[in-house]
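See below for the structure under consideration.
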Amino acid sequence: MSLSKNLKELHGADRQRFLDSFDLVFCDCDGVVWYPLRDFIPGSARALAHLQSLGKRLTFVTNNSISSPEDHIEKFARQGNLKIEEHQIVHPAQTICDHLKSVEFQGLIYCLATAPFKQLLQAAGFQLAQESGPVVIKSLRDLHEAIFDGEPVQAVVIDVDFNMSAAKLMRAHVQLQNPQCLFLAGASDMLIPFGQGEIIGPGAFINVVTESVGRQPVVLGKPGDALRQVLLQRHPDIPPQRVLFVGDSLASDIGFARASGYQTLLVLTGGTKATDVSRLPANHPQLPDYVADCLGDLVDSD
């Protein structure tokens, strides 16, 4: 039996108390608003429009760096009844750009990420190092070239990279032996939903580099502490207990939100099942305050 409150069971005054308990909504996108690589989840657009009509502020906190912030905005715009602007999208590439600007970074970056992620960094004026050596490593000479022949960099950034390789991780390890080289990470999920299950996420590769160099990265995607500070700074006028965080992942969303002091709503349209929640004890750091079958339950109480 789940210790979380089921949103569908809140009626009348109880439902109104819930809606009155928050002013700001932080919401994940994939598995919450839309299915990855597919359309909006039924009822989600209507629920978001309803929250806007109630005067709630909406901010979308995504780890999806495969799509750019502009891609997210266009997807919302196609719904017709939703007006979402760029400042409402918190994207790992953008938070990393903001961080680099805040420290007045001027150097070269070795970036292990998708093409849209890299393009956003370049559009912000940052220079990225090119890969060195052959694409396919066939000899020790090839490996040496891939690791050591590139230019020295002043920052290493790791996010989702579908072309990750041992040689790339080795090159990152070598560069980070320079204590002046910044170590930044975007999304750090250990697993990410894909197809009918889950696949290894960037967190596993980040951990390989972290352990090899003995340094912790500044993590500017979920569930990083640095991202937590970014979100607090964006809304200094709203206390954490007046924030509702909506997500589909116990680790990346609910655990992150609870550590931040937010109220939490887990939707079951992503990678988490009701049985996963029911197994959590009362004091578990990933136990959500509320559970819903889908985001549409914010409107539909029957």
Side-chain angles (χ1 to χ4, degrees), residues 63-71 91-192 194 199-222 224-227:
N63 269 1
N64 182 352
S65 56
I66 304 166
S67 300
S68 69
E70 290 75 17
D71 292 333
H91 184 282
Q94 188 59 58
T95 54
I96 284 177
C97 284
D98 292 344
H99 176 80
L100 290 170
K101 290 175 182 177
S102 73
V103 299
E104 299 181 349
F105 180 81
Q106 298 288 335
L108 193 63
I109 300 170
Y110 183 46
C111 183
L112 307 183
T114 60
F117 190 107
K118 292 179 180 180
Q119 289 164 5
L120 202 153
L121 289 178
Q122 292 172 317
F126 297 108
Q127 294 185 318
L128 305 186
Q130 299 299 310
E131 294 295 342
S132 57
V135 175
V136 179
I137 306 297
K138 296 182 178 180
S139 66
L140 290 178
R141 183 182 297 277
D142 289 346
L143 181 62
H144 189 279
E145 184 180 345
I147 297 172
F148 296 106
D149 281 11
E151 295 180 75
V153 302
Q154 289 70 51
V156 170
V157 173
I158 304 179
D159 192 81
V160 175
D161 184 353
F162 297 134
N163 297 294
M164 186 66 76
S165 67
K168 287 183 177 182
L169 295 173
M170 292 172 185
R171 183 178 177 187
H173 164 257
V174 167
Q175 295 296 328
L176 287 167
Q177 291 180 46
N178 172 9
Q180 301 305 312
C181 182
L182 301 181
F183 185 13
L184 307 178
S188 58
D189 312 68
M190 296 303 293
L191 298 169
I192 54 177
F194 188 77
I199 59 174
I200 295 173
F205 302 114
I206 293 168
N207 283 352
V208 169
V209 178
T210 296
E211 292 181 13
S212 69
V213 299
R215 293 174 56 184
Q216 293 292 329
V218 175
V219 181
L220 287 148
K222 295 179 297 184
D225 288 336
L227 177 63

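Just the heavy atoms: all of them, side chains too, but no hydrogens, waters or symmetry mates, feed the values below.
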Within-4.5 Å side-chain heavy-atom neighbours: [X] and [Y]:
| X | Y | value |
| --- | --- | --- |
| Pro217 | Thr210 | yes |
| Val156 | Leu184 | no |
| Arg215 | Val209 | no |
| Tyr110 | Gln154 | no |
| Val160 | Pro202 | yes |
| Thr114 | Asp161 | no |
| Val219 | Leu227 | no |
| Leu143 | Lys138 | no |

Please report the shortest heavy-atom distance between [X] and [Y], naming the atom on each side.
| X | Y | answer |
| --- | --- | --- |
| Leu220 | Ala226 | CD2-CB, 3.8 Å |
| Pro152 | Leu108 | O-CD2, 3.7 Å |
| Ala187 | Pro92 | N-CB, 4.0 Å |
| Ala129 | Arg171 | CB-NH2, 3.9 Å |
| Ala146 | Ala167 | CB-CB, 4.2 Å |
| Val153 | Gln175 | N-OE1, 3.0 Å |

Sub-3.5 Å donor-acceptor pair from the side chain of [X] to the main-chain atoms of [Y], do we have one?
| X | Y | value |
| --- | --- | --- |
| Asp71 | Ser68 | yes |
| Lys168 | Ile147 | no |
| His91 | Ser67 | yes |

| message | Quick one about Asp98 and Gln94 (side-chain donor to acceptor, distance below 3.5 Å, no hydrogens or angles considered), yes or no? | response | yes
Measure the [atom1]-[atom2] distance between [X] and [Y] for me, rounded to the nearest 0.5 Å.
| X | Y | atom1 | atom2 | answer |
| --- | --- | --- | --- | --- |
| Leu182 | Leu100 | CG | CG | 7.0 Å |
| Cys111 | Ile158 | SG | CD1 | 9.5 Å |
| His99 | Ile96 | NE2 | CD1 | 8.5 Å |
| Asn163 | Glu131 | CG | CD | 9.5 Å |
| Ser212 | Leu176 | OG | CG | 7.5 Å |
| Met164 | Asp159 | CE | CG | 9.0 Å |

| Please walk me through it: do Phe117 and Ile66 pass side-chain contact (heavy atoms from CB on, under 4.5 Å)? | CA-CA 7 Å; Phe117 190 107; Ile66 304 166; over 6 Å; no
| query | Applying ring pair (Phe, Tyr, Trp, His ring centres under 6.0 Å), which residue pairs with at least one partner in residues 136-189 are found, sequence neighbours left out? | reply | His144-Phe148
Below 3.5 Å, can you tabulate the donor-acceptor pairs from side chains in residues 119-128 to any protein atom, sequence neighbours excluded?
none

| request: Step through the shown structure and confirm whether more than 12 heavy atoms of other residues, nucleotides or ligands are within 6.0 Å of CD1 on Ile199. | output: yes
